[in-house]
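In what follows, chains carry the letters A, B, and so on, assigned in the order in which the sequence lines appear, proteins first and then strands, with residues in each chain numbered from 1.
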There are 2 protein chains.
Amino acid sequence: MSDLLERLRGRGWRMTAQRRVVAEVLDGEHVHMTADEVHARAVTKLPEISRATVYNTLGELVTLGEVIEVTTDRRAKRYDPNAHRPHHHLVCARCGAIRDVHPTGNPLADLPDAERFGFTVSDVEVTYRGLCPDCAGI
Amino acid sequence: MSDLLERLRGRGWRMTAQRRVVAEVLDGEHVHMTADEVHARAVTKLPEISRATVYNTLGELVTLGEVIEVTTDRRAKRYDPNAHRPHHHLVCARCGAIRDVHPTGNPLADLPDAERFGFTVSDVEVTYRGLCPDCAGI
DNA sequence: TCCTACGTTGGACTTTGTCTAAGTCAAATG
DNA sequence: CATTTGACTTAGACAAAGTCCAACGTAGGA
């Protein structure tokens with residue numbers, strides 16, 4: 001992620017303080033943040049940044065394929081900067097905690113043509129659900 | 001789904017006109033409806049039924065395992081009455097159309113213990129994404 | 001340095017869903 | 001069959017997450 005800013009500049013991004021700050025926030029080890037969490041952290045570095053800009057920037061990063069949007073439930077979407085290493089997710093059904101996981105197998109290959117209904121299938125998302133150690137203990 | 005009402009009665013459900021209507025709506029071949037779509041259809045059979053009751057009833061059916069809740073994005077949840085035949089979903093990234101699919105393989109078996117982080121994993125959801133024939137043509 | 005198109009802002013608005021207090025009714029009971 | 005009671009339903013207020021918009025600001029090219 002460290003050369004993210006270079007890649008973005010290369011793609012014709014106008015570099016603004018706001019975009020830099022959002023990219024910096026995502027660059028930390030805090031993976032799977034909601035837009036609001038990203039905004040909260042961004043504000044500590046650039047107090048006047050608006051929610052709308054955070055949403056815009058995250059949306060652009062998703063479009064560019066630099067960040068993955070993870071929708072595990074009706075709570076807020078989460079943003080995963082680990083876009084360049086394919087992976088799936090394990091989600092706690094109670095508290096919403098998320099972990100990246102790397103199952104074996106290739107689910108894309110497991111979907112026969114007869115089951116594609118003419119769709120152009122481009123992606124699979126596998127979401128494992130269960131209880132995290134903390135929530136299982138309750 | 002035809003004996004759904006019997007099963008519900010057997011589980012101690014108080015049978016009301018509203019619940020009967022919601023069950024009837026789900027019983028049609030219209031799979032993957034949103035709560036609002038269910039409500040719209042229910043209203044044609046029982047004009048005074050309220051949104052809250054539809055939400056309540058759908059929630060109860062999900063808890064009872066009679067209906068599966070499908071969250072593919074931040075749009076409305078969808079309700080899948082096909083709960084007794086395990087399957088996964090293929091979603092159009094543009095228009096949101098959903099199809100049930102039956103991939104080969106067993107994703108649960110594909111998640112090594114080392115990748116479970118102490119979670120009690122109970123379920124997997126596989127979501128294939130792509131463009132449906134209509135949207136691919138645009 | 002100046003221009004201008006691209007980016008940002010705040011606030012209103014939308015969509016989905018949840019909550020609540022008051023009223024209604026299914027069905028157990030006598 | 002009448003009574004009773006707590007489970008169900010209702011309308012509408014509320015909440016969370018995200019989108020939209022018109023006015024303003026500024027990065028970066030000329």
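The phosphate of D/dT10 has OP1 or OP2 within less than 4.0 Å of a side-chain N or O from B/Q18. For B/T16, a side-chain nitrogen or oxygen approaches OP1 or OP2 of D/dT9 to under 4.0 Å.
Projected onto DNA chain D by closest heavy-atom contact, B/E48 and A/R51 fall at different nucleotides, the more 5' of which corresponds to B/E48. Positionally, the nearest nucleotide of DNA chain C for B/R74 lies more toward the 5' end than for the other of B/W13 and B/R74. Positionally, the nearest nucleotide of DNA chain C for A/R19 lies more toward the 5' end than for the other of A/R19 and B/Y79.
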With side-chain contact (heavy atoms from CB on, under 4.5 Å) as the test, would you mind laying out the steps for A/Y79 and A/H32 before giving the verdict?
-> CA-CA 5 Å; A/Y79 294 90; A/H32 305 134; over 6 Å; no
Walk me through it: do A/R99 and B/R116 pass the test side-chain contact (heavy atoms from CB on, under 4.5 Å)?
-> CA-CA 9 Å; A/R99 311 287 310 232; B/R116 298 192 179 206; over 6 Å; no
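One interatomic measurement links the two molecules: NZ of B/K77 to P of D/dA16, which rounds to 15 Å at whole-angstrom precision. Regarding A/L46, its CG atom lies at a distance of 10 Å from the P atom of C/dT8, rounded to whole Å. One interatomic measurement links the two molecules: CZ of A/R9 to P of D/dA27, which rounds to 12 Å at whole-angstrom precision. D/dA7 atom P lies 14 Å from atom CG of B/N56, rounded to whole Å. Atom CG of B/L58 is separated from atom C1' of C/dG17 by 12 Å (rounded to the nearest Å). Distance A/I49 CD1 to D/dG25 C1': 15 Å, rounded to the nearest Å. Between the CD atom of B/E69 and the C1' atom of C/dT16 there is a distance of 12 Å, given to the nearest Å. One can place CZ of B/R75 at 17 Å from C1' of C/dG17, the figure rounded to the nearest angstrom.
A side-chain N or O of B/D80 and one of B/H87 form a donor-acceptor pair less than 3.5 Å apart. Side chains of A/E125 and A/H89: no donor on one and acceptor on the other come within 3.5 Å.
In the set C/dG17, C/dT9, D/dT9, the nucleotide with an atom closest to the side chain of A/S50 is C/dT9.
Contact annotation for A/T53: base contact, defined as any heavy-atom pair under 4.0 Å involving a base atom. Contacts of A/A76 with the nucleic acid, taken as non-hydrogen atoms under 4.0 Å apart, involve only primed sugar atoms and P, OP1 or OP2.
At a threshold of 4.5 Å between side-chain heavy atoms, the hydrophobic network of Ile, Leu, Val, Met, Phe, Trp and Tyr places A/L5 and A/L58 in one connected group.
Side-chain to base pairing of B/R14 with C/dA27: no donor and acceptor N or O lie closer than 3.5 Å to each other.
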